[in-house]
Amino acid sequence: MGLLRTILIILLVYFGFKILARLFAPLLLKFVAKKAEEKFGGQFGGFQNPNQQRQQQKQNEGETVIDKMPNDNKSSNQKVGEYIDYEEID
């Protein structure tokens, strides 16, 4: 009788846990996702487009900001080498 009662209790706990997991798993996942988003946003200053970032930088008076654009005047050497057509010999 004790063995049957123990098995019944184990089964009730197992199925109860499955039911509760199905109910609370979406809520738990939303909570974890929100926390991860807040942590990620805090590290990188939030999700702002570049225009908002430039405006925010302009508001900070007295700071020196140097933005350099790379030179796009790189010309490639057109004469790389000689083209040789190989033929297979039997």
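Counting from 1, the numbers follow the sequence of the chain as shown.
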Connected hydrophobic set around L11, excluding itself, where side chains approach under 4.5 Å: L3, I7, Y14, F15

Cluster companions of I10 among Ile, Leu, Val, Met, Phe, Trp, Tyr (side-chain spacing under 4.5 Å): none

Members besides L8 in its Ile/Leu/Val/Met/Phe/Trp/Tyr cluster (side-chain heavy atoms under 4.5 Å): L12

Side chain to side chain contact (heavy atoms under 4.5 Å, CB included) partners for K35, two or more places apart: F31, E38

Apart from I19 itself, residues in the same hydrophobic cluster as defined by side-chain heavy atoms under 4.5 Å: L20, L23, F24, L27

Under the side chain to side chain contact (heavy atoms under 4.5 Å, CB included) test, residues paired with I9 that sit two or more places apart: R5, V13

